[in-house]
Each structure stands twice: as structure tokens, then as C-alpha cells.
Number of protein chains: 2
Amino acid sequence: MLNMPHPARATIVDVARAAGVSRQTVSNAINSPERVSPDTLSRVLQVVEELNYRPSSAARTLRHQRAGAVGTELNAVTGTPSEVALPFLTALTLAAPGHACHMVPFASREAFPMLSGYQDMVRRRLVDAFVLTDTHPADPRPDWLEQAGIPYASFGRIYDDSSRVWWADVDGSAGTSAAVAHLAETGFRTVGFLGWPAGSAVGDDRRLGWLAGVEQHGLALGPEAAAPQSLSQAISAAERLLDGLAVGDAVVCASDVLALGVQQAALARGWRPGRDIGITGFDGSATAQLHDISTLVQPLDEIAEHLLTVVHDQLAGAPAPTQGALFLPTLTVGASTVTTSMKGTP
Amino acid sequence: MLNMPHPARATIVDVARAAGVSRQTVSNAINSPERVSPDTLSRVLQVVEELNYRPSSAARTLRHQRAGAVGTELNAVTGTPSEVALPFLTALTLAAPGHACHMVPFASREAFPMLSGYQDMVRRRLVDAFVLTDTHPADPRPDWLEQAGIPYASFGRIYDDSSRVWWADVDGSAGTSAAVAHLAETGFRTVGFLGWPAGSAVGDDRRLGWLAGVEQHGLALGPEAAAPQSLSQAISAAERLLDGLAVGDAVVCASDVLALGVQQAALARGWRPGRDIGITGFDGSATAQLHDISTLVQPLDEIAEHLLTVVHDQLAGAPAPTQGALFLPTLTVGASTVTTSMKGTP
DNA sequence: ATCGTTCATTTGAACGTTCATAATGTGTCC
DNA sequence: GGACACATTATGAACGTTCAAATGAACGAT
């Protein structure tokens with residue numbers, strides 16, 4: 001089996017030879033340029049360019065005892081994957097080079113993740129830390145990882161224990177509150193709410209923002225309803241909700257799929273979204289974009305940046321922050337709250 | 001800065017000492033068990049378990065001159081990311097351990113990918129090869145990589161040059177043809193088509209399957225229309241299309257979004273999908289699932305498996321295959337072609 | 001002239017693994 | 001009994017990098 005020869009890759013010794021210096025000087029030129037005299041620096045860097053040298057990450061990992069990589073689990077169980085999973089992974093991947101690391105996804109077909117999967121990756125020195133997603137109340141992973149001494153950061157609050165601070169999340173309440181503000185500005189006067197069945201921490205939070213927003217802007221509190229994250233059930237719930245609303249009212253929703261349900265139910269009874277009824281969703285998902293629904297876009301870039309900082313700090317032994325971090329979503333306006341024929345003050 | 005001590009990780013020498021053998025014997029016990037006598041083997045493996053030893057991938061990479069990793073680019077440019085991007089990445093990630101490797105995603109905000117990004121990852125020994133996605137006619141990447149001697153495999157045909165064989169794709173024509181067969185079985189007699197504007201290789205392929213299917217099953221050829229991958233434009237095109245169809249007819253679509261457009265247009269004129277009009281989409285995307293549209297699900301697991309085999313073979317210097325590989329999509333039936341009240345023969 | 005100080009650079013060692021090869025023991029055949 | 005084949009285990013070296021410590025040179029201050 002004649003092994004395909006990799007295109008000749010220059011090593012640090014090749015560069016050293018070509019520049020007439022030692023290994024270490026090349027290493028310094030790259031990692032601590034201030035330690036190298038200006039003329040040797042430029043000479044070395046030029047050779048680096050000529051030979052297209054890049055330090056081997058494997059050798060670095062071996063030497064530093066640090067993989068320079070962060071693992072993250074992809075949900076592979078059949079069912080509805082989170083609508084923001086890919087954009088979030090993309091945000092992490094984009095932010096990683098700024099933290100001198102890269103992402104390593106992993107997945108299993110087991111319904112529930114197992115610690116051993118996480119542990120193995122660390123033991124094999126494939127990753128130093130993890131970014132968790134879809135963290136839910138009673139999620140065992142924060143406990144596991146903490147006891148195993150494995151750094152992590154979670155996208156989504158960690159509910160069990162308020163002493164856990166290694167997370168970042170979207171400020172749902174502020175988001176729906178901002179949605180109500182937008183509806184008020186646009187001219188809607190009564191605002192209802194379509195959420196998830198009570199008990200979901202994320203959903204309850206978003207509901208509170210609706211209540212606060214309606215009060216703060218002196219609007220009329222419309223009815224509320226709940227449905228799970230399924231379009232058909234969202235439509236059913238929306239139909240009941242619309243029975244209690246009139247043309248000119250609005251509905252704030254806890255997710256984009258729920259908002260889509262309201263949109264479909266409205267269309268079914270001939271109400272034009274954005275004109276006859278205002279609808280806002282939550283998450284900034286592709287679904288909202290596709291259906292032109294106003295939605296609260298999660299600041300995934302900021303969150304990814306923050307989470308990588310958090311794991312980096314843990315690896316560096318920096319003191320833990322005092323609390324998790326909340327980030328504000330931003331409203332993206334679609335046709336579901338404003339149409340070309342602007343609503344005037346009646 | 002007190003560095004957080006990694007939980008003590010056992011090395012191969014620790015295992016060797018504890019088992020009373022040499023490094024190499026431990027290595028053999030793990031990599032070539034047949035070279036080790038049965039009793040030493042079991043003794044060593046037991047110690048491996050006790051100490052929870054896992055070989056350092058960094059040391060292996062350094063020694064083998066092979067990263068054991070495959071890179072893949074995430075499309076980070078704003079716009080509509082492919083609906084199957086995440087499921088496909090998940091499929092790759094699931095298949096990777098079977099090929100003794102892991103995936104490394106990367107991304108940039110540049111509109112067009114640059115070779116240098118790919119080259120750097122190889123030079124840093126972060127990855128050995130790449131899986132390309134969204135390959136389009138005149139895509140420069142296959143050329144680049146081939147000239148740089150970097151192994152790759154593409155999800156999606158490589159159009160420029162039929163001598164390129166390192167790809168796998170979905171058999172679009174067979175897919176739409178199967179969709180027509182399903183519609184025929186279900187009782188539809190006239191079948192139209194909603195595709196993308198002519199010139200898209202993927203779209204043209206899927207259109208041919210519709211034509212062939214209609215002929216093969218002796219159905220009536222309905223009208224056809226085209227729209228880009230945007231819901232509003234799909235709806236407009238679908239409205240024109242439906243004008244030329246009657247209740248009881250069906251439409252095969254080149255994508256799930258287009259199918260959604262037909263569904264929405266049908267609902268708008270009071271036609272019940274699955275009963276009054278049959279609709280099939282393509283891709284098995286979350287959109288189709290959400291809206292309960294019959295769709296042709298891409299066999300992503302098979303494709304991922306195949307692509308990893310392809311890059312592995314290249315790395316091993318195996319002879320190139322004679323052609324790319326096509327995989328059949330499978331039809332998932334939703335409410336858009338069959339409803340609870342089964343269509344009988346009239 | 002001698003001694004320290006500082007700066008730029010070099011050298012030896014180590015990170016953990018596996019390849020190539022050597023050493024050891026175990027029979028087998030004449 | 002000795003030469004040979006074979007199975008099993010052990011040793012040295014190398015992959016490419018960076019840390020810690022050593023060397024050498026230039027410069028003042030004494």
C-alpha cells in the first residue's frame with residue numbers, strides 16, 4: 001500500500017536552517033516576537049512565508065498538554081433539532097480561532113448523552129473543554145463535568161444550582177418586552193401571548209416579558225394560550241387565541257414555530273399578518289426568516305464569544321465569574337408586524 | 001496564574017509499569033492484540049481499564065504524521081444556509097469514529113472560500129482531508145485541492161470535469177420519479193412540476209425524473225413553473241401553476257420550500273393538501289417535517305459514510321474509483337399526499 | 001582590567017506514541 | 001546437540017514543538 005506522500009511540509013528546523021538561526025529563535029519569532037531582535041525577526045518571518053511554515057498543532061498539543069480544542073455535542077436523536085443549532089455552531093466555529101482553538105463536534109445515537117463520551121475525548125486529549133447546549137433542569141452534565149474536573153460552558157442557564165455560573169443565555173423576558181414595545185410603536189393596542197405549556201423555564205421567562213411590556217406601555221392585556229413546539233398544535237392553540245382577539249390586535253409568541261402557527265391560523269380566517277394582526281416570534285430561526293415573521297434574533301456571536309472566554313478562563317485558572325451572563329436579543333422586523341401600507345394612527 | 005491541573009491522565013508508561021511490561025507491549029495490546037500472548041493481553045487490558053488509559057491523539061498524530069481529522073466548511077455568509085447542512089454534519093460526525101477520525105468544522109465570513117484557509121489547516125496538521133459541500137459548477141475548490149495534493153470528497157457532483165470521481169450525491173431524477181410513482185399509487189392522475197429556473201444542474205435533474213415518472217406511469221403531464229428558493233416567489237409561481245390544475249391533481253417540487261409554496265397557495269384557495277391536491281417536496285428538510293409535506297429524504301448517513309471512505313482511500317493511496325456515487329432518496333409520506341380519509345378509486 | 005547586568009540567541013530535555021530492530025525464550029528438525 | 005524458525009517482549013529513535021537553563025556579547029560602573 002504505497003502511502004500517498006503528503007506535500008512536503010516544512011518544520012521548524014527547516015525554517016531555522018534556512019534563516020541561519022536556531023529552532024528556539026524561530027519559535028520565539030512566532031510566539032514572542034518581542035524577544036527577537038528586529039532584523040532577525042523579519043528575516044525569520046520572511047523564511048516562514050517562503051516555506052509556508054505553520055507550527056504543527058499536534059506537536060504543540062503534546063508539548064503544552066493542551067489540545068486547543070473545545071468539544072460540543074450535536075443532537076443526533078431523531079426529532080426536531082434546535083433551529084439555532086447550526087447558526088450557533090457556526091458562531092462558535094467563527095469565534096474559536098480568536099481563542100487559539102477549534103471546535104470538535106461529536107454525536108451519538110443514544111437518547112441521553114453519557115459522561116464516558118465526554119471523558120474519553122478529554123483523555124485522548126482531543127479537547128480541553130466543552131460547550132453544552134440544550135441544557136435543561138436536572139441536566140446531569142454540569143455535575144459530571146465539574147466532578148471530573150473538566151471545564152465547560154453552557155449555552156442556556158443551569159437551573160439546578162444558582163452557584164453555577166458557567167453559562168450564557170438570552171434574556172427572554174427583555175426580548176418579549178421589546179417585542180411588545182415594537183408592537184406598541186407600530187400601533188397595536190391589545191397584545192396576547194402564545195407560549196409553551198407552563199413549567200418550561202425558558203417559556204415562563206418569555207411570558208413575563210410580555211406581561212411587563214404590556215403594563216409598561218399601557219396596552220390592553222390580551223388572552224394567552226399554550227402549545228408545544230409543533231406546528232399543528234400551535235395552529236389549534238392559535239385558533240382559540242384568535243377567537244378572543246379582534247382585527248388590529250397582536251400576539252407575542254415564545255418561539256418562531258408558535259408564531260408561524262398564529263400566522264397560519266390568521267391567514268386561514270383571512271386576517272392579513274402585519275395589517276390585521278401583529279405577530280412576533282422568538283429565536284431568529286430560518287423558519288421566521290422564511291415566513292417573513294418579526295422575530296427576536298439571538299445574539300449568537302456574542303454568546304459564542306462569551307462561552308469560549310469562559311472556558312478559556314477556566315483553563316487558565318482564572319477566578320470564576322460571580323454569575324451567568326444574559327444577552328439581549330434584537331428584534332428583526334418582518335411582514336408580520338409591519339406591511340408596506342403602514343398602519344397610521346386611527 | 002495558577003494553572004488548573006488537568007485530572008491526572010495515565011500515559012502508556014504508567015500502564016506498562018503497572019502491568020509489568022514494556023511500552024511497546026501496551027501499544028501492541030491496543031493496536032495489534034494478535035501479537036500479544038493471551039494472558040499478557042488480558043492483564044494489560046485490565047490495567048488499561050483500571051487506569052482509564054486512552055492513547056493521546058496528539059502523540060499519535062505526531063508519530064503517524066496524520067491528524068486523523070477531516071475538515072468541513074460551514075457556510076457563514078449571511079443568507080439561507082442549506083436546510084440539510086446540520087443533519088449532514090451530524091451524519092459525518094456520527095460516521096467519523098468508524099473511520100478512526102473526527103470532524104473539524106471551520107468557517108469564515110468571506111463570501112467565497114479561499115484556498116489558503118484550507119491549506120493552513122493541512123499545514124498545521126489539524127486535518128488530513130476535507131469534505132466539501134455546496135459544490136457548484138465552476139467551483140474552484142476541487143482544482144485547488146487536487147493541485148495542492150490535498151485529499152477531499154464532495155457532497156454533490158463535481159460538474160467541470162467528469163474525470164473527477166471523488167463525490168457522492170443524491171439521485172434527484174430517481175427521487176422525483178419515485179415521487180410520481182407514489183402519487184400515481186395514491187390516485188393522482190395529472191402531475192405538474194415546480195422547479196428552479198432552468199440551468200441549475202440539480203434542478204434540471206429533478207425535473208427529468210418528473211417527466212420520466214409521468215410517462216412511465218401513464219399519467220397526464222401537468223404544467224410546470226419555476227421559482228427561486230424563496231417562499232414568496234414560490235407562492236407566486238405556485239398560484240400560476242394551480243391555475244392550470246384542477247382539484248385532484250398533484251405537483252412535484254424540486255425542493256421543500258417550493259413545495260411549501262404550493263401548499264400555502266393551495267390553502268389560500270381552499271384546496272386541502274393531500275385531498276384536493278397532492279404535493280411532494282425534496283430534501284427531507286425540517287421545513288417539510290414542520291409542515292407535514294411528503295418529501296424525498298436524502299440518505300445522509302450513507303453519503304457521509306461513503307465520503308469518509310473516499311477520503312480514507314485517498315490517504316491510503318488506494319486506486320481512485322471509476323466514478324462518483326449516487327444514492328437514492330427515500331420518500332417520507334406526509335399529509336400533503338395522503339390524508340386520513342384515503343382517496344378511493346373514483 | 002574586573003565584575004555584574006542585560007539582551008539575543010542557543011542547547012538539552014521532555015511531552016506520548018509507534019516504527020524498526022534487537023533481544024529473549026520455545027520448540028522443531030535433522 | 002546444535003542450527004534454525006518462530007513467537008513474544010523489550011529497547012532506541014524519531015515525530016515537531018516549547019520550556020528551562022546555558023552561552024555569548026555588549027556595555028557601564030567600579
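In what follows, chains are A, B, ... by sequence order, proteins preceding strands, each numbered from 1.
A/Phe106 has its side chain out of reach of B/His102: every pair of non-hydrogen atoms, C-beta onward, lies at least 4.5 Å apart.
The side chain of B/Asn31 places an N or O atom within less than 4.0 Å of a non-bridging phosphate oxygen (OP1 or OP2) of C/dT18. The phosphate of C/dT17 (OP1 or OP2) has no side-chain N or O of B/Thr61 nearer than 4.0 angstrom. Remark: B/Ser27 is not in phosphate contact with C/dT17, judged by side-chain N or O atoms under 4.0 Å from OP1 or OP2. Distances shown here put every side-chain N or O of A/Ser37 at or beyond 4.0 Å from the OP1 or OP2 atom of C/dA8. Of the side-chain N and O atoms in B/Thr11, none sit less than 4.0 angstrom from OP1 or OP2 of C/dC15.
Spacing between atom CD of B/Gln65 and atom C1' of C/dT18 amounts to 12 Å, rounded to whole angstrom units. At whole-Å resolution of the value, CG in A/Asn28 and C1' in C/dT9 are 9 Å apart. Taking atom CD of residue A/Glu34 and atom C1' of nucleotide C/dC7, one finds them 13 Å apart after rounding to whole Å. When rounded to the nearest whole Å, the span between CZ of B/Arg66 and P of C/dT18 equals 15 Å. Separating the CG atom of A/Leu41 from the C1' atom of C/dA8 is a distance of 12 Å, rounded to the nearest angstrom. Taking atom CD on A/Gln24 and atom C1' on C/dA8, their separation rounds to 12 Å, with Å as the unit. Separating the CD1 atom of B/Ile12 from the P atom of D/dA13 is a distance of 19 Å, rounded to the nearest angstrom. Taking atom NE2 on B/His64 and atom P on D/dA14, their separation rounds to 17 Å, with Å as the unit.
Contact annotation: side chain of A/Arg23 to base of C/dT10, donor-acceptor pair absent below 3.5 Å. A donor and an acceptor atom sit less than 3.5 Å apart, one in the side chain of B/Arg63 and one in the base of C/dT18.
Within the nucleic acid shown, A/Thr25 comes within 4.0 Å of at least one base atom, counting heavy atoms only. Contacts of A/Arg124 with the nucleic acid, taken as non-hydrogen atoms under 4.0 Å apart, are absent.
Summarising the local packing, NE2 of B/His99 is surrounded by more than 12 heavy atoms from other residues, nucleotides or ligands at distances under 6.0 Å.
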| field | Derivation of the side chain to side chain contact (heavy atoms under 4.5 Å, CB included) call for A/Asp128 and A/Val122 | value | CA-CA 6 Å; A/Asp128 302 310; A/Val122 173; over 6 Å; no
| field | salt bridge (Lys or Arg N to Asp or Glu O under 4.0 Å) between B/Asp301 and A/Arg109, worked out | value | CA-CA 12 Å; B/Asp301 291 322; A/Arg109 290 212 163 80; 3.3 Å; yes
| message | One pair to check against side chain to side chain contact (heavy atoms under 4.5 Å, CB included): B/Val104 and B/Met121. What are the steps and the verdict? | response | CA-CA 10 Å; B/Val104 174; B/Met121 298 191 66; 3.7 Å; yes
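Residue whose closest nucleotide on DNA chain D sits further toward the 5' end, between A/Arg35 and B/Pro38: B/Pro38. For the pair B/Val21 and B/Leu62, both in contact range of DNA chain D, the more 5′-proximal nearest nucleotide belongs to B/Val21. Nearest-nucleotide positions on DNA chain C for A/Asp39 and B/Val13 put A/Asp39 closer to the 5' end. Checking A/Arg43 against B/Arg60, the closest nucleotide of DNA chain C that is more toward the 5' end is the one next to A/Arg43.
Of the possible polar contacts, none joining the A/Asn28 side chain to the A/Arg35 backbone as a donor-acceptor pair under 3.5 Å is found.
Distances were taken from every side-chain heavy atom of A/Pro55 (C-beta onward) to each of C/dT10, C/dT18, D/dT17; the shortest belongs to D/dT17.
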